[in-house]
Amino acid sequence: MLARKSSQTKASEAAVPNDRGASSKMSLPGRRVFWIAQRLPRPPRLDPPPLRYKPTTHSHTPPPLRFPVLLRWCSQQQQQRAAARRGAASGARMSAAAGKVVCVTGASGYIASWLVKLLLEKGYTVKATVRDPGLVFDDGELDGAPVDWSPVSGVRRLWYAARTPLLSTSSSLYDHYAFFATLMHGAVLIVHHLGSWDDPKKTEHLRQLEGASERLNLFKANLLEEGAFDVVVDGCEGVFHTASPFFNAVTDPQAELIDPAVKGTLNVLRSCAKIASIKRVVVTSSVAAVAYNERPRTPDVIVDETWFSSPELCEANKSWYVLSKTLAEEAAWKFAKENGINMVTINPAMVIGPLLQPTLNTSAAAILNLINGAPTFPNTTFGWVNVRDVAIAHILAFEVPSASGRYCLVERVAHYSEIVDAIRKLYPDLQLPEKCADDEPFVPVYQMSKEKATSLGVNYTPLEVSLKETIESLVEKKFFKL
Ligand SMILES: NC(=O)c1ccc[n+]([C@@H]2O[C@H](COP(=O)([O-])OP(=O)(O)OC[C@H]3O[C@@H](n4cnc5c(N)ncnc54)[C@H](OP(=O)(O)O)[C@@H]3O)[C@@H](O)[C@H]2O)c1
């Protein structure tokens, strides 16, 4: 009897697998711990998969046993596995972009958020700069390798670290290091999160984008900090420079608008000039840098990419934002030509359409002001374009080899009175301004050439659709109640 029991024990002991998949013998207390550990509730298998340190199953040579190196190596392993899984899941959608690294400056902004979203959807790895990243390591500590910095990842790693010694029957030095790396990584993530909930608004919407946990790296960078973009553009094939202040109420135009626009653009371009891997830089300029000069703009006039705004006129009219974009584009072209940078500018008109970011940007505010009980509408005529189309145009400007020069983006030029009429048709019950802000004749509409943008592959969303999307988004983001 005793002999039979002991042979049964031996058989069950032999069947207990260790964490490397092989069978091993285990003492009775060890088996109890193993039995209990196996039955502990498992954390949800979120994407990317939890780190499980099984050195013998890796085809790679384990890195030197130093914590920072190991931490980086573990993160890269996680990234590769997650990317492989993602790749298998969405292989059909991944284009030639898969594996390419690009940079987007000012990523938390209205246009840039859409750009980041579409780039991630196409399979790009995006190094995105924000002024206030909230919850990221801002020093490129992990060599730009995409890491899931979320607190969920931290909790999951702590949990796995806690389980690892229970389940593990091996006790190699490597496993101890791997265990501590997991533990430390989890702890660091959580502590970092708790210590940095100052402004999650700036980046939370980016972290939630599809593909962000694997292929979005956030970096802290201010336009006015010399060299701040060096580490970010390093290793990129393309750079999308969108960051530039866009607001009208300024007290010190030079410091608030012109310096960040001009010096910031040159700062980014200087960083790009140092990196040989960069094939093209796409700069977000504006129709502001195109259409504002002494030439008349009337219904028969077609404004196109050959037009340049006049800095003198902008200054005389105190159009500080327009001046900032005009000077920034001028400086960018000069620098690009002198330094052999392949640069393309995208020059959108007023951009509207759905907001991804939770904050209100200036061009969406223009529509909100109209529907929010304003007594009058401005006597102004603008070109209008959808934000999705603007983001697509940026990507096309990078991807299409023959793209060059400037691309104006305007679906339609319309006076504010037409915008109010279009909104009234969409929402007849809305209270909208009946009168113009002055008694002058309406500022005339003009035409803007669509030829170049269309040749790039841009298909414009109709203005009415863009208006509807903007208002729906403003409601969804709780800026307005219908
Ligand atoms: N929206 C339009 O109608 C329109 C039309 C034509 C051209 N554009 C151009 O498109 C670009 C994006 O505009 P947007 O409408 O998306 O505006 P936005 O939402 O206000 O985005 C502007 C971005 O620039 C960043 N930024 C400003 N100053 C900075 C500084 N000193 N250092 C680092 N980052 C700085 C902002 O960062 P923070 O979030 O930290 O402030 C923000 O991410 C701008 O170049 C703008 O001129 C816009």
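Just the heavy atoms: all of them, side chains too, but no hydrogens, waters or symmetry mates, feed the values below. Order of listing sets the numbers, starting from 1, for every ligand and every atom in it. This structure is a prediction, so every number in the text was calculated from the model and none was measured.
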(message) I need the nearest protein heavy-atom contact for atom 48 (C) of ligand 1: residue, atom name and distance, please.
(response) Ile111 CD1, 3.6 Å
(request) I would like to know whether Ser319 and Asn317 meet side chain to side chain donor-acceptor pair (under 3.5 Å); could you show each step before the answer? (result) CA-CA 5 Å; Ser319 303; Asn317 291 344; 4.7 Å; no
(request) Show which atoms of ligand 1 fall inside a sub-4.0 Å distance from at least one heavy-atom site of Met350. (result) 3 (O)
(request) Indicate yes or no: does an N/O atom of Gly109 lie under 3.5 Å from an N/O atom of ligand 1? (result) yes
(request) Identify, for atom 32 (N) of ligand 1, the protein heavy atom at the shortest distance, and state residue, atom and that distance. (result) Leu223 N, 2.9 Å
(request) Mark the output for Ala261 as yes if a heavy-atom distance to ligand 1 is under 4.0 Å, and as no if none is. (result) no
(request) Starting from atom 26 (N) of ligand 1, find the nearest protein heavy-atom neighbour and note its residue, name and distance. (result) Arg131 NH2, 4.0 Å
(request) Give the residue and atom name of whichever protein heavy atom lies nearest to atom 6 (C) of ligand 1, and the separation in Å to one decimal. (result) Pro348 O, 3.2 Å
(request) Enumerate the atoms of ligand 1 whose separation from the nearest heavy atom of Ala221 is less than 4.0 angstrom. (result) 33 (C)
(message) What I want to find out is whether Glu330 reaches Lys334 closely enough, with some N-O distance under 4.0 Å, to be called a salt bridge.
(response) no
(message) How about NZ on Lys477, more than 12 heavy atoms from neighbouring residues, nucleotides or ligands closer than 6.0 Å, or not?
(response) yes
(message) I'd like to know if the side chain of Asn339 reaches the main chain of Ile341, judged simply by a donor and an acceptor atom lying under 3.5 Å from each other, with no hydrogens or angles considered.
(response) no
(request) Compute the centroid of each ring, for Tyr416 and then for Trp384, and state whether the two points are separated by less than 6.0 Å. (result) yes
(request) Say whether Gly106, considering both its backbone and side-chain N or O atoms, lies within less than 3.5 Å of an N or O atom on ligand 1. (result) yes
(message) For Lys425, is there an ion pair with Glu464 - N to carboxylate O distance below 4.0 angstrom?
(response) no
(request) Check each heavy atom of Ser244 against ligand 1 and say whether those closer than 4.0 Å belong to the side chain, the backbone, both or neither. (result) both
(request) Tell me which one of Trp384, Tyr321, Tyr110 gets a heavy atom nearest to atom 8 (N) of ligand 1. (result) Tyr321
(message) Out of all atoms in ligand 1, which are within 4.0 Å of some heavy atom of Thr242? Include the element for each.
(response) 11 (C), 12 (C), 44 (C), 45 (O)
(message) Taking distance alone, with N or O pairs closer than 3.5 Å, would you say Ser286 contacts ligand 1?
(response) no
(request) Determine, counting only non-hydrogen atoms of the protein, whether one lies under 4.0 angstrom from atom 20 (O) of ligand 1. (result) no
(request) Give a yes or no on whether the backbone of Phe246 and the side-chain of Thr362 come within a donor-acceptor separation of less than 3.5 Å. (result) yes
(message) Any nitrogen or oxygen of Phe246, side chain or backbone, less than 3.5 Å from one on ligand 1?
(response) no
(message) Counting non-hydrogen protein atoms only, what is the nearest one to atom 31 (N) of ligand 1? Give residue, atom name and distance.
(response) Asn222 OD1, 3.2 Å
(message) Please list all pairs meeting side-chain hydrogen bond (donor to acceptor under 3.5 Å, both in side chains) that have one or both residues in residues 438-454, counting only residues at least two apart or in different chains.
(response) Asn379-Asp438
(request) Would you mind checking which non-hydrogen protein atom is closest to atom 4 (C) of ligand 1, with the distance to 0.1 Å? (result) Val351 CG2, 3.7 Å
(message) If I take atom CD1 from residue Ile419 and atom OG1 from residue Thr381, how far apart are they, to the nearest 0.5 angstrom?
(response) 9.5 Å
(request) Could you tell me whether the side chain of Val268 reaches within less than 4.5 Å of the side chain of Leu223, counting heavy atoms only? (result) yes
(message) Measuring from atom 7 (C) of ligand 1, which candidate in Ala289, Ala349, Ser285 has the nearest non-hydrogen atom?
(response) Ser285
(request) Just jot down the ligand 1 atoms closer than 4.0 angstrom to any heavy atom of Thr284, in number order. (result) 9 (C), 10 (O), 11 (C), 45 (O)
(request) For Ser363, take its heavy atoms, then give the atoms of ligand 1 lying under 4.0 Å from any of them. (result) 1 (N), 2 (C), 3 (O)
(request) Identify, by atom number and element, the atoms of ligand 1 in contact range of Lys202, meaning under 4.0 Å from any of its heavy atoms. (result) 38 (P), 39 (O), 40 (O), 41 (O)
(message) Regarding ligand 1, does Ala107 bring an N or O atom to under 3.5 Å of one of the ligand's N or O atoms?
(response) no
(request) Would you mind checking if Glu226 and Arg270 are paired as a salt bridge, meaning a charged N to carboxylate O distance below 4.0 Å? (result) yes
(message) Any nitrogen or oxygen of Ala112 lying under 3.5 Å from a nitrogen or oxygen in ligand 1? Just yes or no.
(response) no
(message) For Phe240 together with Phe398, are the ring centres under 6.0 Å from each other?
(response) yes
(message) Check this for me, if you would: do Glu329 and Arg406 make a salt bridge, where the nitrogen-to-carboxylate-oxygen distance has to be below 4.0 angstrom?
(response) yes
(message) Within the 4.0 Å heavy-atom shell around Lys325, which atoms of ligand 1 are there?
(response) 44 (C), 45 (O), 46 (C), 47 (O)
(message) Measuring from non-hydrogen atoms of Gly264 to any atom of ligand 1, is the shortest distance under 4.0 Å?
(response) no
